[in-house]
Amino acid sequence: MKIGIISDTHGNWAAIDEAFSIADDMNLWLHLGDCTPDAEYLATTYNVPVYGVAGNCDWPTGEMCYERIVDVAGHRIFMTHGHNYGVRYTQEYVMEAAESQNADIAIFGHTHIVEYLSGPPVLLNPGSASRPRDDERSSFMIMELEPMTPPKITIVRMKRVR
């Protein structure tokens, strides 16, 4: 199972298009917020399954969720944007939330900085596809999953799309 992980696209559909052109053979995409319509754009434009969560820059609606669990390929993934867990200062709270949901993988965004901690749980932040703070190039991740095997993570750096 190949999964694209993208976050903090902030309405930059050109960045989404670039990420998809690099990783067009994903079975699934996970969008970690800031802007929820971007997840809808990815799903409808490319006809791929997308699970998303809302971020701090999204307007609240009754249908919006700020965290979710996705069970795939024998793994349990905890998704959140991260702003409600203070991820700019510590990963402790997001790790605790993932553990409380029996998730072996926790993914978040918000900081616009790539992070990969081997865990447990495995902790991933794909950085920002549109406004990176850790490099001149924007980023996303590719996660390959097989049952009972640690995820294989690839960090992908793109050109900065404005």
Side-chain angles (χ1 to χ4, degrees), residues 1-10 15-16 19-20 22-36 38-40 42-43 46 48-58 64-135 137-158:
M1 171 74 65
K2 290 179 75 174
I3 300 171
I5 305 171
I6 194 165
S7 187
D8 295 282
T9 48
H10 293 278
I16 295 169
F20 189 86
I22 292 168
D24 68 350
D25 60 342
M26 300 294 103
N27 302 105
L28 172 70
W29 282 85
L30 304 176
H31 189 282
L32 301 170
D34 283 354
C35 289
T36 54
D38 295 354
E40 295 168 20
L42 179 60
Y46 295 106
V48 294
V50 177
Y51 291 97
V53 293
N56 59 300
C57 292
D58 290 304
M64 189 175 293
C65 66
Y66 288 96
E67 58 187 55
R68 77 181 332 146
I69 295 290
V70 177
D71 291 305
V72 62
H75 294 270
R76 191 166 176 85
I77 304 168
F78 174 75
M79 295 176 59
T80 184
H81 183 65
H83 63 292
N84 291 330
Y85 291 95
V87 295
R88 285 196 179 166
Y89 310 104
T90 182
Q91 289 76 33
E92 178 183 357
Y93 304 121
V94 74
M95 289 176 75
E96 288 175 358
E99 289 169 346
S100 75
Q101 298 287 326
N102 296 316
D104 61 319
I105 301 169
I107 60 173
F108 66 97
H110 187 59
T111 65
H112 297 220
I113 296 170
V114 173
E115 293 184 62
Y116 173 24
L117 300 172
S118 58
V122 172
L123 192 67
L124 304 171
N125 182 334
S128 174
S130 67
R131 300 177 186 175
R133 293 184 181 141
D134 59 347
D135 193 291
R137 298 163 297 158
S138 55
S139 59
F140 70 98
M141 287 180 168
I142 296 171
M143 179 170 58
E144 294 179 59
L145 292 179
E146 293 181 28
M148 303 189 56
T149 304
K152 179 182 175 195
I153 306 300
T154 304
I155 299 164
V156 180
R157 290 288 181 173
M158 308 182 293

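Here the structure is a predicted model, which is why all the values come from computation and not from measurement.
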Practice problem: Kindly write out the residues that satisfy salt bridge (charged side-chain N to carboxylate O under 4.0 Å, His left out) with R157, not counting sequence neighbours, or none if the list is empty. | Solution: D134
Quiz item: Who pairs with E96 by salt bridge (charged side-chain N to carboxylate O under 4.0 Å, His left out), at least two apart in sequence or on another chain?
Solution: none
Practice problem: Identify, with sequence neighbours excluded, every residue that meets side-chain contact (heavy atoms from CB on, under 4.5 Å) alongside A39. | Solution: H31, V50
Quiz item: Checking side chain to side chain contact (heavy atoms under 4.5 Å, CB included) for the pair R133/S128: CA distance, chi angles, key distance, verdict?
Solution: CA-CA 8 Å; R133 293 184 181 141; S128 174; over 6 Å; no
Quiz item: Looking at side-chain heavy atoms only, is the closest gap between H110 and N56 below 4.5 Å?
Solution: yes
Quiz item: Does the pair I105 and L145 meet the rule for a side chain to side chain contact (heavy atoms under 4.5 Å, CB included), with working shown?
Solution: CA-CA 11 Å; I105 301 169; L145 292 179; 3.8 Å; yes
Quiz prompt | Sequence neighbours excluded, every pair satisfying salt bridge (charged side-chain N to carboxylate O under 4.0 Å, His left out) that has a member inside residues 23-32 | solution = K2-D25
Quiz item: Does any pair with a residue in residues 89-109 pass ring-ring contact (aromatic ring centres under 6.0 Å, His included), and if so which ones, sequence neighbours excluded?
Solution: none
Quiz prompt | By side-chain contact (heavy atoms from CB on, under 4.5 Å) - contacts of I22 (at least two apart) | solution = E18, F140, V156, M158
Distance-only donor-acceptor pairs under 3.5 Å for side chains of residues 67-76, two or more places apart:
unit_1: E67; atom_1: OE1; unit_2: Y85; atom_2: OH; d: 2.4
unit_1: R68; atom_1: NH1; unit_2: G52; atom_2: O; d: 2.7
unit_1: D71; atom_1: OD1; unit_2: R76; atom_2: NH1; d: 3.1
unit_1: D71; atom_1: OD2; unit_2: R76; atom_2: NH1; d: 3.0
unit_1: H75; atom_1: ND1; unit_2: D104; atom_2: OD2; d: 2.5
unit_1: H75; atom_1: NE2; unit_2: E146; atom_2: O; d: 2.9
unit_1: H75; atom_1: NE2; unit_2: T149; atom_2: O; d: 3.1
unit_1: R76; atom_1: NE; unit_2: Q101; atom_2: O; d: 2.6

Quiz item: Would you say the side chain of D34 lies within less than 4.5 Å of the side chain of D58, judging by non-hydrogen atoms?
Solution: yes
Exercise. Please report the closest heavy-atom contact between A103 and I77, naming both atoms and the distance.
Key: CB-C, 4.3 Å
Quiz item: With a 4.5 Å limit on heavy-atom distance, are the side chains of S138 and P132 in contact?
Solution: yes
Practice problem: Could you tell me which non-hydrogen atom of E99 sits nearest to which non-hydrogen atom of P120, and how far apart they are? | Solution: OE2-O, 3.8 Å
Quiz item: With sequence neighbours left out, what residues match N125 under side-chain hydrogen bond (donor to acceptor under 3.5 Å, both in side chains)?
Solution: T111
Quiz prompt | For Y116, ring-ring contact (aromatic ring centres under 6.0 Å, His included) partners two or more places apart | solution = none
Quiz prompt | Any residue meeting side-chain contact (heavy atoms from CB on, under 4.5 Å) with S7, in chain and number order, not counting sequence neighbours | solution = L32, H81, P126
Self-check item: Pairs satisfying salt bridge (charged side-chain N to carboxylate O under 4.0 Å, His left out), at least one member in residues 112-128, at least two apart
Solution: none
Quiz item: Any idea how F20 and Y46 line up, ring-wise: parallel (<30°), tilted (30 to 60°), or perpendicular (>60°)?
Solution: parallel
